[in-house]
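Everything on this sheet refers to the single structure shown next.
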Amino acid sequence: ATKPQLPLSLCANYPLYVSSAFRGGCTDIICCVLFIVVILGYMAVGILAWLYGPLWGPALVIAMVVSFLFLLLLRFIAPVMVWVLIFGVLAVGAYGIYHCWWEYDNYRKSAVSITDIGFTTDFKVYLQVKETWLAFLIILSVVEGILLLTLIFLRTRILIAIALIQESSKAVSHMMSTLFYPLITFVLLVVCVAYWGITALYLATSGIPVYKVVALNSTQDNCGQIGGNETCDPQVNYSWCRSARCIFIKYNNEGLLQRNLFNLQIYNVVAFLWCVNFVIAMGQCSLAGAFASYYWSLNKPSDIPTFPLSQAFIRTIRYHVGSLAFGALILTLIQIIRIILEYLDHKTRAAQNPCSRFLMCCLKCCFWCLEKFIKFLNRNAYIMIAVYGKNFCVSAKNAFMLLMRNIVRVVVLDKVTDLLLFFGKMLVVGGVGVLAFFFFSGRIRLPGSNFRTEMLNYYWMPIIVVVVGAYLIAHGFFSVYSMCVDTLFLCFLEDLERHDGTMQKPYYMSKNLMKILNKKNRGPKNGKGKD
């Protein structure tokens with residue numbers, strides 16, 4: 001029998017992958033060189049800023065642990081966790097309906113109605129009338145009904161989503177290092193943000209400080225001779241005028257660097273956005289390469305590479321820097337346009353008429369949608385780059401056409417999976433947020449802790465910080481699962497189109513997915529894969 005054909009970049013021992021290094025187009029090569037030049041220029045700007053500038057020198061851990069434990073639980077009991085999340089949302093909605101009915105029943109005999117109250121800024125008053133709770137009851141009942149109908153009609157799609165999550169759990173279990181890759185991305189992003197912030201700070205404070213002497217009381221002694229235009233040394237004491245003070249005015253704007261500070265700040269922002277988008281793209285492509293090597297393995301897990309994530313990362317750095325830089329550049333240009341629109345809107349808001357405000361709102365909305373679309377297209381293009389090793393434009397076109405040919409599966413299956421992962425993320429953030437509330441409000445105390453709630457003026461501020469930090473950490477961990485699901489889903493679509501279950505072209509999907517889709521391999525294949 002003929003050996004089944006795999007994507008060139010994922011064949012055994014990657015014998016043909018070297019040839020894919022020459023598949024990049026001129027655009028990718030030029031973009032790669034341009035990105036390297038920009039990075040070198042970015043470093044030069046930072047060095048100039050530092051040379052001419054002054055010499056400045058526990059709940060989040062819980063969120064990380066909870067996210068990691070949740071992913072481990074999802075690995076072993078994915079169906080149970082998914083259905084618990086779904087029925088948990090339905091149970092919360094049912095309790096909300098019951099509570100609204102209970103409140104409505106309590107205020108039903110009250111003579112006060114919402115027409116008697118009218119409009120008031122005290123919203124607590126509205127909670128004391130029956131019409132408010134009746135409106136809440138109707139809204140929650142409609143939402144609950146929609147959720148139930150969705151669950152009934154999309155139960156098969158949910159089963160496919162569960163199968164994809166289970167398959168993703170198996171892939172992650174064979175590549176546990178992928179769960180910690182967001183830490184690398186986080187460190188690189190922190191480096192980018194810190195470099196941008198420090199460079200901007202040093203650029204803003206570059207140059208020689210200019211001090212001028214000012215008399216606080218010109219009628220005292222000989223202080224009338226001070227006009228406020230003379231430069232001074234802050235270390236000199238003006239004994240002949242006790243009210244004289246040497247005050248900092250500005251930094252000297254003479255010199256080539258100081259005259260081009262605005263241009264350097266613009267360059268700093270553009271290079272910062274490009275670096276951030278490139279770091280995110282590099283992480284997505286590396287994870288996609290690792291997970292794709294799992295899907296296209298004939299015998300799982302024996303055919304999986306020894307260090308799949310490391311190999312995928314090396315391939316990404318070796319072959320795909322230009323493609324990733326090109327995709328990141330497109331996204332950066334759109335983000336710059338959005339920043340310019342926000343700046344113009346802020347500066348001209350007082351002079352805008354209703355027509356111009358409507359036009360500005362439409363432009364901002366259009367570019368926001370365009371940014372979301374480019375992020376979605378780039379994400380799938382990076383997956384195709386990791387699988388086939390082609391340049392960005394070809395990979396983006398192939399990914400887009402593949403998704404359009406399976407638009408129903410994309411809309412239903414992929415979004416249902418994203419929704420389930422979002423529920424898990426909210427569960428982690430909500431649990432950490434509740435613990436933070438009880439701790440900072442003084443309702444619970446840790447043994448051996450000297451913290452008291454009286455030490456905080458506003459205990460809501462640390463709670464908000466903890467919730468935001470917990471969300472970012474949970475997003476980092478769940479992004480691995482999301483990338484795994486998207487990669488396996490795209491490989492799954494390729495598998496369906498390229499193979500038909502014969503001995504020459506067997507399916508590479510798991511037996512569970514073949515069972516749900518009523519697919520099967522009609523003959524034994526070379527090296528029968530394990531489920």
Side-chain angles (χ1 to χ4, degrees), residues 25-43 45-46 185 188-189 191-197 199-201 203-204 260-285 320-382 385 391-397 399-400 403-404 472 475 479:
C26 295
T27 304
D28 293 329
I29 297 175
I30 295 174
C31 200
C32 177
V33 175
L34 180 62
F35 182 69
I36 295 175
V37 172
V38 169
I39 292 298
L40 294 176
Y42 199 19
M43 295 176 63
V45 172
T185 302
L188 294 177
L189 291 178
V191 170
C192 292
V193 173
Y195 188 90
W196 165 78
T199 302
L201 180 62
L203 283 175
N260 293 275
L261 283 180
F262 180 76
N263 297 332
L264 292 176
Q265 291 285 17
I266 295 296
Y267 185 90
N268 186 27
V269 172
V270 174
F272 164 71
L273 293 175
W274 199 357
C275 289
V276 168
N277 291 325
F278 177 80
V279 168
I280 296 174
M282 183 176 62
Q284 292 177 348
C285 190
H320 308 316
V321 172
S323 298
L324 301 184
F326 183 64
L329 177 61
I330 296 175
L331 185 58
T332 300
L333 294 177
I334 296 174
Q335 291 172 343
I336 292 173
I337 295 175
R338 291 194 61 200
I339 293 175
I340 294 174
L341 289 176
E342 291 290 344
Y343 177 78
L344 294 177
D345 186 29
H346 177 72
K347 288 295 183 180
T348 61
R349 179 163 297 180
Q352 288 179 356
N353 54 38
C355 182
S356 61
R357 284 198 298 268
F358 174 76
L359 181 61
M360 181 63 69
C361 182
C362 291
L363 287 174
K364 291 163 62 176
C365 180
C366 290
F367 278 98
W368 179 83
C369 295
L370 180 60
E371 181 183 359
K372 294 296 181 182
F373 173 75
I374 292 298
K375 285 183 177 180
F376 172 77
L377 184 62
N378 284 3
R379 183 183 179 92
N380 290 279
Y382 298 149
I385 289 173
N391 60 51
F392 176 83
C393 295
V394 175
S395 299
K397 183 196 72 174
F400 182 76
L403 295 175
M404 288 300 101
L472 294 177
H475 176 75
S479 64

Next on the checklist: For the CG atom of L370 and the CG atom of L333, what is their distance to the nearest 0.5 Å?
Outcome noted: 11.0 Å

Checklist entry - Do you know which two heavy atoms are closest between N378 and G327, and how far apart they sit? => result ND2-O, 3.1 Å

Next on the checklist: If you compare all heavy atoms of I334 against all heavy atoms of F367, which two are closest, and at what distance to 0.1 Å?
Outcome noted: CG2-O, 4.0 Å

Item to check | Minimum-distance pair of heavy atoms, taken over all atoms of G283 and T185 | outcome: CA-OG1, 4.5 Å

Checklist entry - Mind checking whether F392 and Y382 have parallel, tilted or perpendicular rings, split at 30° and 60°? => result tilted

Item to check | Heavy-atom closest contact (C285 atom, H320 atom, distance) | outcome: SG-CD2, 4.2 Å

Checklist entry - What residues form a side chain to side chain contact (heavy atoms under 4.5 Å, CB included) with E342, not counting sequence neighbours? => result K364

Next on the checklist: Contact between L264 and N268 at the side-chain level, heavy atoms closer than 4.5 Å - yes or no?
Outcome noted: no

Next on the checklist: Using every non-hydrogen atom in the two residues, find where L341 and M360 come nearest and quote the distance to one decimal.
Outcome noted: O-SD, 3.9 Å

Item to check | Side chains of F272 and V276 in contact at under 4.5 Å (non-hydrogen atoms) | outcome: yes

Checklist outcome for this item: Note: A381 and S395 closest approach over all heavy atoms is O-CB, 3.6 Å

Item to check | Verdict with supporting geometry, F400 and L403, side chain to side chain contact (heavy atoms under 4.5 Å, CB included) | outcome: CA-CA 5 Å; F400 182 76; L403 295 175; 5.9 Å; no

Checklist entry - Taking side chain as C-beta onward, heavy atoms only, is K372 less than 4.5 Å from C369? => result no

Checklist entry - Just by distance, do the side chain of E371 and the backbone of L331 share a donor-acceptor pair under 3.5 Å? => result no

Next on the checklist: So does A325 get a backbone contact from the side chain of W274, meaning a donor-acceptor N/O pair under 3.5 Å?
Outcome noted: yes

Item to check | Gap separating the CD1 atom of I374 from the CD atom of Q335, nearest 0.5 angstrom | outcome: 11.0 Å

Checklist entry - Nearest 0.5 Å, what's the SG-CD1 distance between C366 and I337? => result 12.0 Å

Item to check | Set of residues satisfying side chain to side chain donor-acceptor pair (under 3.5 Å) with respect to T332, sequence neighbours excluded | outcome: N277

Checklist entry - Can you tell me how far CD of Q284 sits from CG of N380, rounded to the nearest 0.5 angstrom? => result 9.5 Å

Checklist outcome for this item: To the nearest 0.5 Å, atom OG of S323 lies from atom CG of N391 at 5.5 Å

Next on the checklist: What I'd like to find out is whether the side chain of L344 reaches to under 4.5 Å of the side chain of K347, using heavy atoms alone.
Outcome noted: no

Item to check | Gap between atom CD1 of I280 and atom CG of L188 - 0.5 Å precision | outcome: 11.0 Å

Checklist entry - Should V269 and W196 count as side-chain neighbours, where that means a heavy-atom distance under 4.5 Å? => result yes

Next on the checklist: Please determine whether side chain to side chain contact (heavy atoms under 4.5 Å, CB included) holds for the pair F326 and C393, giving the CA-CA distance in whole Å, both sets of side-chain angles, and the decisive distance to 0.1 Å.
Outcome noted: CA-CA 9 Å; F326 183 64; C393 295; 3.8 Å; yes

